[in-house]
Protein chains: 2
Amino acid sequence: MTTAPGTTPDLSGVPDAELLRLDHQVCFSLHAASRAFGGFYRQALKGLGLTYSQYLVMLVLWEHGPQPVKGIGDRLQLDSGTLSPLLKRLEAAGLVSRERSREDERSVLIDLTDEGARLRERALSVPRGVLDATGLSLDEVLGLQDVLGRLTAALGEAADAT
Amino acid sequence: MTTAPGTTPDLSGVPDAELLRLDHQVCFSLHAASRAFGGFYRQALKGLGLTYSQYLVMLVLWEHGPQPVKGIGDRLQLDSGTLSPLLKRLEAAGLVSRERSREDERSVLIDLTDEGARLRERALSVPRGVLDATGLSLDEVLGLQDVLGRLTAALGEAADAT
DNA sequence: CACAACTAAGTTGCGCACAACTCAATTGGG
DNA sequence: CCCAATTGAGTTGTGCGCAACTTAGTTGTG
C-alpha cells in the first residue's frame, strides 16, 4: 500500500516551489522540536547522569523488565550498532548488567542492577517537569502522539516499499 | 512567562508512575518520527548526494540567498560547531563557496555555486514524494507544524529560564 | 548428518548535535 | 584613545543514528 485512494492529501494543485517552502517548514519544525525536546531532557537528566537515549532504554527496562538487546531494539526501533555501545556505557555506569543467555548463546540479556532499579525513584519527577514545560494540554499531547505515530508508520511503510 | 495560567495542562491529578509511561510515549514518538523522517529523506536525497541536514542548509540558501554562517545558524538553530564542518563538506562537494567578509572580517559568507544553484531544480521533486508518503492531509500538516512550533518555543523558553 | 540460510550481537566508519574551548575581529565604556 | 567585553567562526571531544560488515550460534532442508 502506498496511499489509500480516499485519503490522498490534496497537494495536487500546489506548485513545486511552494511545496519546497512548505517542506522546509515541516521537516525543520519536526527536526527542531525533536532537538528542543532533547535539549530539555539533557538538562533534566543531567542530575541522573543519563542521556536522552539512555533514559529511553531505562524506561523500557523499568516498564518491561529484563530484555535481550533485540527486545530493547524492537521497542525503540534501534539496532545493535546504536545499542551495543550505549549499553556498555550503562553497564560501566553500574546501572545495568549484561549476561549472555544460556538458552540461546547468541542473545545477551540486559537487566537492571539494584542501582539502576533505584534510579527509577529519582526519574519519577522528571516527566511532570517536561510535560509542564511543553505548555500543551493533555488532549494536545495525545493528539500529537496520534499524528506522529501515523506519520512514523506511513514513512516506515513507504520506505519499505522502496 | 513559564505557563499561561488559563492554559495550564490538567496533569495535576495524574500519578507520577502514569506520567512516566506517558512521557515514554511522547518523547519516543517524537524521537521516532524525527528519525523516520530522516530515514525517508536519506533515501530521497541519496540521488542528490545530500544528507538531511545539508538539505536544510541548501533550502535556506535557495530561499534566502547568500548568508553568513551566523545567518544560517539562526534560521536552523544550529551553532558553528555543527555548521562549520558541514559547510566544509558542502564546499568540498562543490555546492557552496565560503568567503570571508571584507566589512567584518569575523564573518564568513556562504554562497551557492552554479552547481549548487542548479541542484535546486532536481530538489523540486523531492518534497511532493515526502509529503505524499506521510499520508497526511494539508490541514494535518499545518496543524502538526503549529503544535510542534509551540512545543519548540515553550521548551526553548523553559530551558532559558533554567 | 551436513550444510545453507538466518539470526543476534558487536565493530567500524561517517555525519550530526552539542558543550567547552580557542582565536581573531569588533564594539563600547571610561 | 585604550582596554575589557562581546561576537563570529572554528576546533576538540563525546554520544547518538545508521549503513555495512564480521562473528558466532541456531534452524531448517535435503
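Owing to the predicted nature of the structure, the values given are computational and were not obtained by experimental measurement. First the proteins, then the strands, lettered A, B, ... as listed; each starts at 1.
- The side chain to side chain contact (heavy atoms under 4.5 Å, CB included) test applied to Ser101(A) returns Glu103(A), Asp104(A), Ser107(A), not counting sequence neighbours.
- Applying the Watson-Crick and G-U wobble criteria (two distances, each under 3.5 Å), dG30(D) pairs with dC1(C).
- For DNA chain D, the neighbouring residues in residues 83-107 of chain B, judged by any heavy atom under 4.0 Å, are Ser84(B), Lys88(B), Arg98(B), Arg100(B), Arg106(B), Ser107(B).
- Under the 3.5 Å distance criterion, the side-chain polar atoms of Arg35(A) are left unmatched by any main-chain donor or acceptor of Thr152(B).
- Among residues two or more places apart in sequence or in another chain, the salt bridge (charged side-chain N to carboxylate O under 4.0 Å, His left out) test is passed with Glu99(B) by Arg102(B).
- Checking Ser80(A) against Leu109(B), the closest nucleotide of DNA chain D that is more toward the 5' end is the one next to Leu109(B).
- Legend: residues meeting ring pair (Phe, Tyr, Trp, His ring centres under 6.0 Å) with Tyr52(A), ordered by chain and number and at least two apart, are Tyr41(A), His31(B).
- When the side chain to side chain contact (heavy atoms under 4.5 Å, CB included) test is applied to Thr82(A), the partners found at least two apart in sequence or on another chain are Leu78(A), Asp79(A).
- With sequence neighbours left out, the side chain to side chain contact (heavy atoms under 4.5 Å, CB included) criterion links Arg150(A) to Asp146(A), Val147(A), Leu136(B), Glu140(B).
- Taking CD of Gln145(A) as the reference point, atom CZ of Phe28(B) lies at 10.5 Å (rounded to 0.5 Å).
- Salt-bridge formation is detected for the pair Lys70(B)/Asp74(B): a Lys NZ or Arg NE/NH1/NH2 atom is positioned less than 4.0 Å from an Asp or Glu carboxylate oxygen.
- In summary, contact between chain A and DNA chain C, defined as any nucleotide atom under 4.0 Å from a heavy atom of the protein, begins and ends at dT7(C) to dC18(C) in the 5' to 3' direction.
- From Leu151(A), atom CG reaches atom OG of Ser34(B) across 10.0 Å, with rounding to the nearest 0.5 Å.
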Could you give the side-chain donor-acceptor pairs of residues 87-97 of chain B under 3.5 Å, partners two or more places apart or in another chain?
| from | atom 1 | to | atom 2 | distance (Å) |
| --- | --- | --- | --- | --- |
| Glu91(B) | OE1 | Arg98(B) | NE | 3.1 |

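- Chain A approaches DNA chain D within less than 4.0 angstrom (heavy atoms of the protein), and the contacting nucleotides run 5' to 3' from dG15(D) to dT26(D).
- For Asp111(B), there are no side chain to side chain donor-acceptor pair (under 3.5 Å) partners at least two apart in sequence or on another chain.
- Side-chain N or O atoms of Thr113(B) include one that pairs as donor or acceptor with a backbone N or O of Gly116(B) at under 3.5 Å.
- With sequence neighbours excluded, the residues that form a side chain to side chain contact (heavy atoms under 4.5 Å, CB included) with Leu109(A) are Pro66(A), Pro68(A).
- Annotation: proximity of residues 45-75 of chain A to DNA chain D (heavy atom, distance under 4.0 Å) is found for Thr51(A), Ser53(A), Gln54(A), numbered in ascending order.
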